[in-house]
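A quick write-up on the structure given underneath.
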Amino acid sequence: MCALMIGSLAMQSPPPQPSAKQADLDRRMGWFRDARFGMFIHCGLYAIPGGQWQGKEVGGAGEWILQTARIPPAEYMPLITQFNPVEFNADEWVRIAKMAGQKYIVITSKHHEGFALWDSRVSTFDVMGTPFKRDILKELADACARGGIKLCFYHSIMDWTHCDYLPKREWDARKEEDADFDRYVGYMKEQLRELVSGKYGKIGILWFDGEWEPSWTHERGLELARYVRALDPDIIINNRVDKGRNGMAGLNGAGDWAGDYGTPEQEIPATGLAGTDWETCMTMNDTWGWKATDKNWKSAANMIQMLCDIASKGGNFLLNVGSQPDGRIPAESIERLAQIGAWMETNGEAIYGSSASPFANLPWGRCTQKQLPQGRTRLYLHVFEWPKSADGKSNTLIMPALTNEIVAVRLLGATSFASSATRSGDGWSISIPLTPSDPVCSVIAIDIVGRPLPTAAHSSK
Ligand code: H79
C-alpha cells in the first residue's frame with residue numbers, strides 16, 4: 001500500500017524546475033524575447049564633424065573620429081559649443097521606431113567620446129554644456145513612455161576624454177600619473193545611478209561597450225553588474241559589462257561571465273545558440289555615428305530577410321540610426337524603416353514572441369515558431385524564394401515533413417487564398433498561390449498538434 005502510494009506520487013511529479021538563476025533570467029528577459037526588433041541610436045558630438053576633420057575625410061566609423069584622426073581631447077571637447085540639434089523631436093524618433101515595428105530603443109547615453117546626452121550632475125561635458133541645453137534622454141524617455149517603447153541606454157566603459165580614464169591615447173597631452181582609474185569607475189557608477197534612478201522611467205537594458213581595454217578587468221565587470229542589478233533587479237545587462245566576449249562575434253566564451261546576453265556586432269551567427277539569448281546589432285550603412293559621405297545603404301529587402309534570419313535563430317535585431325547634427329534621423333534610414341514596417345504590419349506575428357526554427361536548413365527561406373494554447377504549435381515559414389509553378393495553374397512549396405497532425409494553413413496578408421498541406425514522400429506539399437504575397441518574404445503559418453516532431457526522414461539539428 002505504502003509502496004504503491006510512493007509510486008503514484010513519483011509518476012505525478014512535475015517536470016524539473018529551472019534553477020533560481022535561470023528563473024530570474026527568464027523573468028528579466030521576457031519582454032526582450034517578445035520584442036525581437038529594436039532601434040539603436042547613435043547620437044553624439046561626433047555627428048558634428050560627421051567623418052571630416054580639418055577639411056579631410058577620415059576613414060572608419062564616424063563616432064570613432066577622435067581615435068582615427070588622433071584628435072587630442074583638448075581639441076575635441078570644444079565640439080560641445082557647436083552641439084545644437086534644433087530639429088530634435090523625441091516623439092518623431094519614437095514614431096519612426098514604431099512605424100518600423102521596433103519595440104525598444106537603445107540610445108547612446110555616453111559613447112567612447114565621453115559626452116553625456118543628459119543633464120548629469122557629475123559632469124560638465126554634458127548636454128547642458130551645449131547651446132542646446134535640453135536633456136535629450138529625458139525628452140526621449142517621456143516620448144517612449146507615451147508611445148509604449150522600452151527605453152535602453154548604451155553606455156561606454158571606455159572614455160577617451162575623462163581626466164581619470166586610463167589608458168590615455170598616445171596623442172593626449174595629459175599625464176597618466178595624474179589619472180585615477182578607481183575614481184573614474186566611481187564617476188561612471190554615479191552616472192549610471194542617474195540613468196537608472198527613475199528620472200528616465202524604467203530602463204530596459206544597460207548596453208555596455210568598450211570593455212576590451214586592459215584597465216577593465218573581470219572583477220570590475222562582476223562588480224559593476226552587481227552594482228547595476230542592485231539599483232534595478234529587472235534591468236537587462238549585456239555581456240560587454242565583462243570580459244567574456246569573443247571579438248565581434250559577440251558571444252561569451254567558456255567561463256562564468258557577467259551579463260545576460262550575447263552581442264554579435266555587424267554579423268549574424270551561422271546557427272542558433274541553444275540556451276543563450278543574443279542580439280545582433282548592425283548599421284544600415286557603414287557607420288554608427290552619422291557621416292556626411294556614407295551613402296552605402298543596405299536595402300530594406302536585405303534587412304527584412306536578416307530580421308527573419310535572426311528570428312529563426314532565436315535572436316534579436318538591433319538596427320542602427322545615426323542622428324544628424326540637426327537632430328533628425330537621415331531620410332535614407334526613415335525610408336528603409338518605413339519599408340521594413342510595411343512588411344512587419346502584415347508579417348510581424350511571425351517575428352514578435354517567436355522562437356527559433358525546428359529545422360536546421362530550408363532551401364527557400366527560414367522558419368520561426370510559437371506555442372499556441374492546447375499544446376499546439378504555429379510554424380511560420382518565411383519564404384524568400386517563392387517556387388515557380390510547374391504548370392502555370394497551381395503552385396507548391398515543399399517542406400520537411402513532421403510527424404505532427406496539421407490543423408490549419410494560412411498565407412499571411414492573403415484573404416482569398418485557402419492553402420492546404422498534404423504529405424508527399426519525405427515532405428509536406430503546401431499549396432500556395434502562383435505569386436508571392438510579398439516579393440521579399442511571404443509568410444505561411446501552419447498550425448500543428450503538439451511540438452514539432454521530425455520524421456525519421458530528417459532530424460531537426
Ligand atoms: O557603438 C558602435 C561602435 O562604435 C562600437 N560598438 C558599436 C555598437 C565599436 N567599438 N569598437 N568597435 C566598434 C570595433 C572595435 C574593435 C576592436 Fe576589439 C576593439 C578590435 C580590437 C579591440 C572588440 C574587442 C573586438 C575585438 C576585440
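Just so you know, residue 1 is the first one in the sequence shown, and it goes up from there. Each ligand, and each atom within it, is numbered from 1 in the order the structure gives.
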* Y165: partners by ring-ring contact (aromatic ring centres under 6.0 Å, His included), with sequence neighbours left out -> F181, Y184

* Taking the six-membered ring for Trp and the full ring for Phe, Tyr or His, determine whether the centres of W290 and Y46 are under 6.0 Å apart. => no

* N320: what forms a side chain to side chain donor-acceptor pair (under 3.5 Å) with it, not counting sequence neighbours? -> H42

* Could you give all pairs that pass the salt bridge (Lys or Arg N to Asp or Glu O under 4.0 Å) test and reach residues 303-329, with sequence neighbours left out? -> D309-K313, D309-R366, D326-R328

* Asked: Are the ring centres of H155 and W207 closer than 6.0 Å?
  -> no

* Protein residues near ligand 1, heavy-atom distance below 4.0 Å? -> F40, H42, E63, W64, H111, H112, Y154, D209, W212, R240, R245, G247, M248, E265, W288

* List the steps and the verdict of salt bridge (Lys or Arg N to Asp or Glu O under 4.0 Å) for D286 and K295. => CA-CA 8 Å; D286 292 327; K295 300 289 176 196; over 6 Å; no

